[in-house]
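For reference, the structure discussed in these notes is given below.
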Amino acid sequence: MAAPLTLTVNLVARFPNSVSADARPGYSGFIVTKESLTEVATAIRDEFGYDLLTAVIAVDYINENKMEVVYHAYKTTGGPGLVFKVQVERVDPIEVPSLVEIWAGADFQEREAWDLHGIKFIGHPDLRRILMWEGFDGHPLRKDWKEAFYEEDTKPFKSRWPDGQFYMAESKNPFKDNINFPKDFDPDTLIVDKEEDLYSSLERHSTKDDDGLKTDHIVVNMGPHHPSTHGVLRVALTLDGETIVGLKPVMGYLHRNHDKIGERNTYLQIIPYTDRLDYFNSMSNNFGYAITVEKLMKIAVAERAEYIRVIMAELTRIQNHLVFAGTLLNDLGAMYTPSIYAFEERELILDIFEEVSGARMMCNYFRFGGVVRDIPDHVMQKIKDLVFERLPAKTDEMERFLNENEILVARLKGVHVLSAEDAVRYSVTGPVLRAAGVPYDIRRADPYSVYDRFDFDVAVRYNCDMLDNYLIRFDEIRQSIRILEQAIKQIPQGPINSQKPAYQVRVPAGEAYGRVESPKGELGFYIISNGKPNPWRYHVRPASFVNMTALEKMCLGTKIADFIALLGMLDIVMGELDR
Amino acid sequence: MENETINSPGYDIPDDIKNNIAVTTIDRLYNWGRRSSVWPLMFGLACCAIEMIAAQTARYDMSRFGMEVMRPTPRQADMLLVSGTVTKKMLPSIVRLYNQMPEPKYVVAMGACASSGGPFKEGYNVVAGIDKFLPVDVYIPGCPPTPQALIAGLIKLQEKIDKQSIRTAPWYSKMKDPNYVPMPILGPDLIDVRRNAEIRDAAATKESA
Amino acid sequence: MFGKGILKGLSVTWKRFWDTYLEDISWMLRGKKRYYTEEGIKHRSSADTKGIFTIQYPEEQLILPEEARYLPFLVYNVDAEGKKEVLCTSCGICAKVCPPQCIWIVRSNDPVTGRPVPEPTEFYIDGDICMNCGFCAEYCPFDAIKMDHDFAIASYGRNVLNMEKLLKPSSYYEGIRPQNFAREEEARKAKEAAKAAKAEAAASAAPTA
Ligand code: SF4
Ligand code: SF4
Ligand code: SF4
């Protein structure tokens, strides 16, 4: 959380004129002046060794008339992170230097901050909107921007109780729908954006090859409706023959305004929304959010609940990776059989989730200080059956079924994904980073919950190719089973929540960034509390979204047929990517 | 088994040929054929899509209803299963897919989001229900509907198909594309072009912020 | 040898294929029914399941765990004279805690005195917004709202639930969640006993006052 004292001294001592410690109560890190941001950031990366920039978060302090950009940098060798911030006047145009040159992984996150907060990043190579479409009116995450179905600043709404009268939100909006237009807008005179910016960012030209044959580059749009983009992702590609020479992902087709809705919700109400981020792994999402709020509230978690949390999170990881293998094979053309086998195990794991939490996918199981319900004995028995017998056997079976298959190996082996340097530069986390030979796993690098009590290895492979990316998922399943075996043996009896159940929690003012190793990579939550029942700023740092930054790097120069597999390697899930 | 569903009531078939013969009306035969091969469009939007996939897999096995043939192209699909949150950015694509589907076509709104916007209804990028644009045949509440709930909803759709008659079916009428939906446009916000005049009036009388 | 990996993989599918029949035979030899029986369904959803995995909804149904949740419902008791006693006191906690804010409670006043009475006049839940999170049931202090198990609720229209549709007797609740019901009953009895004991103690302590 807070940076160690020695470092604090260092950064301020190193840049006495441009860096100061953030002294607001409950806050930590450093405030850097806008002018020297690039210089300080370079020093943070090169001199202090914080090579992984994980999060770029914009915050609107409308009352202080300020905008702030918060950066979180970590070392891939582990340890706590370094937080630095830059503050600017909240007067348009709001301009901040871009850090894409230093950490390429800042690319999409800066675009997101431009899109939703309207912060211009000077020097950004391709600053377009990312989640909303070009031409959308306003920057929705600014605190003075109101959406069509706006009712009140914070929940609960008075119209539900005490003055409850049923109505549909549509009836209160002048446009009778979830839309809002500027005054005197006339749809007939609208000039529709033809996405010229997007296409001009994809270089496009004709070339003469060696025989003097003139060939044209063609632009292909894959998605948003495409069977193997894992949801509603769109990728615009420029092709030279079959080789990819330009690529831009277009996202936002599932942008459900998590941050905006989250800032209106009370702390408790956010939990079920986090389920719907990475909808394969609701337990991991709950986990990340719960530890972040617990950090803010400074409460301990009941001992038994810690173990239950770990058990659930690891079960989630196993089913996620099995399904990953299934869907990847689907993408490669082995339609259905592998994924049907994978879903069988997933169903059994979901049965456990349903029995403890009540729902298969949207578990809503974690509460601040613990979990909502204990694991009944018969479910514990079922977990034991799965962990000690069925899952190891089935993982073996899955490996026997697929991993030596010559077609699969021929397809995956030697297709380069990302080198270690690139992966770190592009802020890639999760299995893709580890398959590039960087043993960076938050469960080890910056242990949370009770992960430091278990004996497990960080799965790592070194070939950086697709086959390694694929096999590492199986390594991780085995490690998860190892953790589960220990957790089941060690789990103590006792209460499952250290707090009294309460629908309104008191969260002291301050900021917190909590992160967990979700099956897809680093899932972070950044929350600013001002002591009220609702967070002032609620931001999700999704693994899929940041990993996508590297897609262009991964795919340029490869054949289009490999593109689907490369995309599959990132194991993206749209709910988390677009939020 | 099949004989029972296809056989028209009111005709007594002698016992000895019961398994070989069925007397039916054209409507029954026609609807029986259609309801037993409703091909969904391979199209997933959000969390609900995962439950839709789960319903396709071994445990629930939608192929028992003739619905396992997921078509990636709308030209071959009979049913648009709107499985998840419909965002404004995505809506033009969905409407286009719908328009490209041949008649007869059905729309099933799976889950709270597709029915009304669901938990994300208040969001600025969320369409408050696909029924604002497409004619929805069956609404399946739930967030997400479990695979069993989805199948229960699809059985409802089959019941609906059973009640249709070849004589009144709109897709055989002279009208060209009876269900055509004009494409919405992305401007400062989502524009339903059928409501241009209404939007202009509302924008003119809106008090400026 | 090239192709060994593929053969190895095929051996897995081959084994899986035969597992179904071997299981069928072994169940037959033991004189038990594998399909359409509770035992069979339980076995097919346990960790030792082998071979066919399908639960043939709607003929068979997965056994829902007690905690399973779908849409909420309101509980009422039937008292000795057969009058409905709605447990809800319109305290509003569920409406306050509901994340998508899909509960509307209309409080009621006594027609004679004009004072507020606990029972709500109307209670709306927009079933197409509800995200099935279960918070309302979890935080209701009067155990008046509970999560239903009924998932086959697809309909041809939007699904706004009013009081009439929401109310279900406590016997129904006992049926779907026996353990929870027993636990709550026990707690209630203990509380009442404590109250009675306290009242008695108060009465005996100050008999003349
Ligand atoms: S209804 Fe629920 S599960 Fe389905 S897409 Fe919407 S949020 Fe996701
Ligand atoms: S919390 Fe319970 S008692 Fe209070 S209004 Fe809701 S249902 Fe009624
Ligand atoms: S289950 Fe959740 S969303 Fe549904 S009514 Fe209850 S609190 Fe609201």
Side-chain angles (χ1 to χ4, degrees), chain A residues 131-133 135-138 140 145-151 168-170 174-188 190 192-193 224-227 231-232 252-257 260-261 264 272-273 276 279-280 339-341 343-344 346-347 350 360-362 574-575 578, chain B residues 41-51 53-54 56-59 70 72 74 84-85 87-90 93-94 96-97 113 116-117 119-128 132 143-144 146-147 185-193 195-196 198-200 202-209:
Chain A
L131 294 174
M132 302 306 288
W133 60 91
F136 182 74
D137 183 36
W145 193 93
K146 303 218 156 62
E147 61 264 79
F149 281 174
Y150 172 84
E151 281 185 57
M168 290 200 182
E170 287 88 331
F175 298 100
K176 305 279 173 264
D177 206 345
N178 194 6
I179 44 175
N180 205 357
F181 294 102
K183 188 165 165 55
D184 293 328
F185 168 74
D186 183 355
D188 295 325
L190 175 78
V192 182
D193 174 54
H225 164 68
H226 187 280
V232 286
Y253 292 98
L254 192 56
H255 178 46
R256 302 190 279 197
N257 332 122
K260 187 89 182 174
I261 295 177
R264 192 173 303 126
Y273 279 94
R276 287 149 181 84
Y279 30 74
F280 269 109
S339 55
I340 284 179
Y341 286 4
F343 266 81
E344 211 164 284
R346 179 173 186 264
E347 286 293 333
L350 292 197
R360 292 154 42 85
M361 274 172 73
M362 306 306 175
M574 295 313 291
D578 287 339
Chain B
L41 181 67
M42 189 191 252
F43 173 68
L45 278 172
C47 351
C48 281
I50 309 302
E51 288 296 56
I53 296 169
Q56 298 274 351
T57 58
R59 191 182 234 174
M70 298 277 266
T85 321
T87 60
K88 292 178 183 171
K89 200 171 178 181
M90 188 64 197
S93 312
I94 299 176
R96 178 171 291 141
L97 286 170
C113 284
S116 80
F120 296 99
K121 181 167 183 157
E122 57 198 286
Y124 49 86
N125 192 25
V126 176
V127 177
K132 295 249 156 51
C143 180
T146 58
I185 303 176
L186 296 177
D189 208 326
L190 186 79
I191 303 167
D192 183 350
V193 293
R195 294 178 43 202
N196 270 1
E198 194 188 321
I199 288 173
R200 188 181 326 111
T205 52
K206 183 184 160 189
E207 345 55 283
S208 38

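Atom set for the values below is all heavy atoms of this structure, side chains included, hydrogens, waters and symmetry mates excluded. Computed from a predicted structure; not experimentally measured. Chain identifiers are assigned alphabetically (A, B, ...) following the order of the sequence lines, protein sequences preceding nucleic acid strands; residue numbering begins at 1 within each chain.
Using a 4.5 Å cut-off between heavy atoms, B:Ile185 touches chain A through its side chain atoms alone. For chain A, the nearby parts of B:Ala128 are the backbone and the side chain; heavy atoms of each come within less than 4.5 Å. With a 4.5 Å cut-off on non-hydrogen atoms, A:Arg256 touches chain B through its backbone and its side chain both. Proximity to chain A (any heavy atom under 4.5 Å) is shown, for B:Ile94, by neither the backbone nor the side chain. Heavy-atom distances place the side chain of B:Arg195, and not its backbone, under 4.5 Å from chain A. Interface residue A:Tyr253: backbone and side-chain heavy atoms are both found under 4.5 Å from chain B. Using a 4.5 Å cut-off between heavy atoms, A:Phe136 contacts chain B through both its backbone and its side chain. Looking at B:Ser93, the atoms closer than 4.5 Å to chain A (heavy atoms on both sides) all sit in the side chain, from C-beta outward. Neither the backbone nor the side chain of A:Tyr150 comes within less than 4.5 Å of any heavy atom of chain B.
Between atom CD of residue B:Glu51 and atom CE of residue A:Met362 there is a gap of 7.5 Å, rounded to the nearest 0.5 Å. In this structure, B:Asp189 CG and A:Met132 CE are separated by 7.0 Å, a value rounded to the nearest 0.5 Å. Taken from CG in A:Leu131 to NZ in B:Lys89, the straight-line distance is 7.0 Å, to the nearest 0.5 Å. In this structure, CZ on A:Phe280 lies 3.5 Å from CD1 on B:Ile50, to the nearest 0.5 angstrom. Going from atom OG1 of B:Thr87 over to atom CE of A:Met574 covers 9.5 Å, rounded to the nearest 0.5 Å. Separating the OG1 atom in B:Thr85 from the NE2 atom in A:His255 is a distance of 12.0 Å, to the nearest 0.5 Å.
Using bins of under 30°, 30° to 60° and over 60° for the plane-to-plane angle, the ring pair A:Tyr273/B:Phe120 lands in the perpendicular bin.
Remark: the backbone N or O of B:Gly123 is paired with a side-chain donor or acceptor of A:Asn178 at under 3.5 angstrom. The closest donor-acceptor contact from the side chain of A:His226 to the backbone of B:Pro72 lies at 3.5 Å or more, if one exists at all.
Comparing B:Val127, B:Asn196, B:Leu41 by heavy-atom pairs within less than 4.5 Å of chain A, the highest count is held by B:Asn196. When the candidates A:Asp578, A:Leu350, A:Leu254 are compared by the number of heavy-atom contacts under 4.5 Å with chain B, A:Leu254 comes out ahead. Options B:Met42, B:Arg59, B:Glu198 differ in how many heavy-atom pairs under 4.5 Å they form with chain A, and the most are formed by B:Arg59. Of the listed residues B:Ala58, B:Ser116, B:Gly117, B:Ala54, the one with more heavy-atom pairs under 4.5 angstrom with chain A than any other is B:Ala54. Highest contact tally toward chain A, considering only B:Leu186, B:Asp192, B:Leu97, B:Val193, is held by B:Leu186 [criterion: heavy-atom pairs under 4.5 Å].
In terms of heavy atoms, B:Glu122 sits closest to A:Phe149 at CA-CB, 4.1 Å. Considering all non-hydrogen atoms of both residues, B:Leu190 and A:Trp133 come closest at N-CZ2, 4.2 Å. Nearest approach of A:Val232 to B:Gly44, heavy atoms of both residues: CG1-O, 3.7 Å.
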Discussion item. Would B:Cys47 and A:Arg276 count as a side-chain contact (heavy atoms from CB on, under 4.5 Å) here? Give the steps.
Written reply: CA-CA 7 Å; B:Cys47 351; A:Arg276 287 149 181 84; 4.1 Å; yes
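For the pair B:Lys88/A:Ile179, a side-chain contact is recorded, criterion being any heavy-atom separation below 4.5 Å from C-beta on. Inter-residue side-chain proximity for A:Arg360 and B:Pro144 is flagged as unmet; no heavy-atom pair is nearer than 4.5 Å. Contact annotation: the side chain of A:Phe181 approaches that of B:Ile191 to within less than 4.5 Å [non-hydrogen atoms, C-beta and beyond].
A:Glu344 is linked by a salt bridge (charged side-chain N to carboxylate O under 4.0 Å, His left out) to A:Arg390, C:Arg16, counting only residues two or more places apart in sequence or in another chain.
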